[in-house]
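Please read the structure below before turning to the comments.
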Amino acid sequence: MFSKILIANRGEIALRIIRACKELGIRTVAVYSEADVNSLHVRFADEAICIGAAQSSESYLNIPAIISAAEITDVEAIHPGYGFLAENAHFAEICQSCHIKFIGPSVDNMKLVGDKMAAKLAMKKAGMPIIPGSEAIVKDKDEALKIAKRIRYPVIIKAAAGGGGKGMRIVHNDIRLASAFYMAKAEAEAAFGIGDLYIEKYIEQPRHVEFQILADEYKHVVQLGERDCTVQRRYQKLIEESPSPAVDSKLRKKMGDTVIKAIKNIHYINAGTMEFLLDKHENFYFMEINARIQVEHPVTEMVTGIDLIKEQIRIASGEKLTLQQEKIEFNGHAIECRINAEDPENKFMPQPGRIDTYHAPGGKGVRVDSHVYVGYDVPPYYDSLIAKLITHGKSRQEAIFTMQRALDEFIVEPIKTTLSFHKRVFNDQAFIEGNINTGYVDKLLGEQES
Ligand code: MV4
C-alpha cells in the first residue's frame with residue numbers, strides 16, 4: 001500500500017479522497033490554486049502546495065506544477081478525482097515516466113476510451129449492443145446521406161472528439177442533413193480543434209443508465225449495479241439514483257454480465273463506468289466508458305456499502321480485488337441531488353459569492369459530501385457544485401421521503417442554488433413515479449433544447 005499520495009483536485013472530491021486516505025493510514029498532499037487558499041482540502045491534508053493562479057489552466061490543469069509538487073513531497077501516487085486531468089492520457093503517461101502511480105486506468109485504457117469511435121468498435125467486438133451508425137469518421141454530406149438511408153431517420157451527428165453535446169445535431173430528413181453536417185463540423189472544430197464526425201440512429205426519449213465496475217490488474221472484474229442519471233439539463237446531471245426504476249432484475253443481470261465480459265475483453269483496470277441509453281422497449285445501447293471516479297459514485301456506495309475510493313487506491317497499489325460478484329449485496333435505494341451554486345430561475349447561471357448561512361441536513365439515511373462552510377466564497381473559476389445530498393432508504397419511496405425532508409433542512413444563503421429545483425422535482429408526480437426520460441427537465445421547466 002502507498003504511504004503518501006497527492007490529490008490533484010479540489011472541492012468536495014478532494015475532501016472525499018482525503019477521508020479515504022486517512023482511513024487507510026495514507027498521508028495526503030493537497031495542491032491548490034490561489035483562489036483556494038482557504039479551502040478545506042488544504043486544511044485537512046497533511047501537506048499542501050500552491051500550484052498556481054486561480055484559472056484552472058494555471059493550476060489544476062498545470063501538469064508541470066503538479067508533477068513538481070509530487071516530486072517535492074515525494075508521493076508514490078496521484079489521485080486525479082474527476083474533471084481536470086482525470087481522463088488525460090498524456091498526464092497519466094507523464095506520471096508513469098516519473099514513476100508516480102496514476103490512480104486510475106492504464107494509459108492504454110484511457111487512450112482507447114477517449115476515442116469514442118474506437119471505444120464503440122472495441123465494445124461491438126466484445127459483444128456489446130451498440131447504436132447502429134457509421135463505422136468510421138464520416139467524410140462529407142454524401143457519405144452522411146448514404147448512412148442515413150441505411151439506418152433511417154431520425155439520426156444524430158456526433159463529434160468524434162466529443163462531449164457535452166457540442167457538435168451534436170439531430171436530423172429528421174435528407175433536406176436538413178447537409179447543413180446540419182457542416183454546422184456540426186464547424187462546432188466540433190471550434191470546440192475540440194478536431195472536426196471529425198460520426199452518425200448514429202437517434203434513440204428517442206431514452207433513459208441514461210450507467211454501470212459501475214471495478215477491475216484489478218489480474219483481470220478480476222465486478223459490477224456494482226447501475227445508476228440512473230436521466231435527470232439532466234444540457235447534459236449536466238442533476239439527480240442520480242441506484243437502482244434504476246427502469247431496470248428490473250432480469251435486465252440488470254443481462255446488462256451486468258455483458259458489462260463484465262466487455263471490461264475483461266479490453267483488460268480495463270481500476271474503477272470505471274459504462275454508460276448506456278435505455279429505450280422504451282428495454283433495449284440498451286453502449287454509449288461510452290468513463291475512465292474515472294464519478295461525481296455520483298456515492299449512490300453506489302450507499303447501496304453496496306463499498307468504498308469506491310478505497311478500492312481505487314487498493315487496485316492502483318497492485319492489490320487483488322477481494323470482492324466477489326455473488327457476495328456483493330445490494331441494499332435498498334439511494335438518490336443524490338447535486339446542489340450547485342446556480343440560479344434555476346435564470347437558466348442555471350452560476351452564482352459565485354459568499355455563503356453567510358449554511359446548514360446541512362443530517363439524521364438517518366442522509367449523507368452530505370461538501371467542502372463549503374459559513375464564510376466560504378464560491379469562486380467563479382470552477383464547476384458550481386457546492387454539495388451532494390445523498391439519501392438512502394429501504395425502498396425508493398423511503399429514499400424520496402428522506403430527500404424531501406433533507407431538502408427542507410438544507411439552508412444555503414444568500415446565494416441561489418439548485419435546492420429550489422430539487423424541491424420541485426421531489427414533488428413532481430412523473431419523477432416520483434419514475435416515469436421520465438432525458439427530456440424531463442426541459443419539459444418540467446418549459447424550456448426548449450438549445
Ligand atoms: C444520443 C441520444 C440519442 N440517440 N445518441 C447526449 C450527450 C452525449 N454524451 C450523448 N447524448 C445523447 N446521445 C443517440 N444515438 C441522446 C442523447 C441525449 C442524452 C443522453 C444522455 C442523457 C441525457 C441526454 C439528453 C439529450 C440527449
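Atoms within each ligand, like the ligands themselves, are counted from 1 in listed order.
Thr418 places a side-chain N or O within 3.5 Å of a backbone atom of Asn340 that can act as its donor or acceptor partner.
Taking the six-membered ring for Trp and the full ring otherwise, Phe421 and Phe348 have centroids separated by under 6.0 Å.
Remark: ligand 1 and Ile203 share an N or O pair separated by less than 3.5 Å (distance only, no angle test).
Residue contacts with ligand 1: Met168 is included, with a non-hydrogen atom under 4.0 Å away.
In Ile156, the part holding a heavy atom less than 4.0 Å from any atom of ligand 1 is the side chain. Using a 4.0 Å cut-off between heavy atoms, Tyr235 contacts ligand 1 through its side chain alone, with no backbone atom that close. Neither the backbone nor the side chain of Thr230 has a heavy atom within less than 4.0 Å of ligand 1. With a 4.0 Å heavy-atom cut-off, ligand 1 is reached by the side chain of Lys158 but not by its N, CA, C or O. The side chain of Glu288, and not its backbone, has at least one atom closer than 4.0 Å to an atom of ligand 1 (non-hydrogen atoms only; side chain from C-beta on).
Shown in contact with Lys201 at under 4.0 Å from a heavy atom are these atoms of ligand 1, numbered in order with element: 4 (N), 14 (C), 15 (N).
Looking at Met287, Glu200, Gln232, Lys116 and measuring to atom 23 (C) of ligand 1, the nearest heavy atom belongs to Gln232.
At least one side-chain heavy atom of Tyr60 sits under 4.5 Å from a side-chain heavy atom of Ser33.
The closest side-chain donor-acceptor pair between Gln236 and Gln232, if any, does not fall under 3.5 angstrom.
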Check: residues 272-280 side-chain donor-acceptor pairs under 3.5 Å, at least two apart:
unit_1	atom_1	unit_2	atom_2	d
Thr273	OG1	Arg227	NH2	3.1
Thr273	OG1	Gln294	OE1	2.5
Asp279	OD1	His281	N	2.9
Asp279	OD1	Glu282	N	3.3
Asp279	OD1	Asn283	N	2.9
Asp279	OD1	Asn283	ND2	3.4
Asp279	OD2	Asn283	ND2	3.0

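Qualifying ring pair (Phe, Tyr, Trp, His ring centres under 6.0 Å) partners for Phe211, counting only residues two or more places apart in sequence or in other chains: none.
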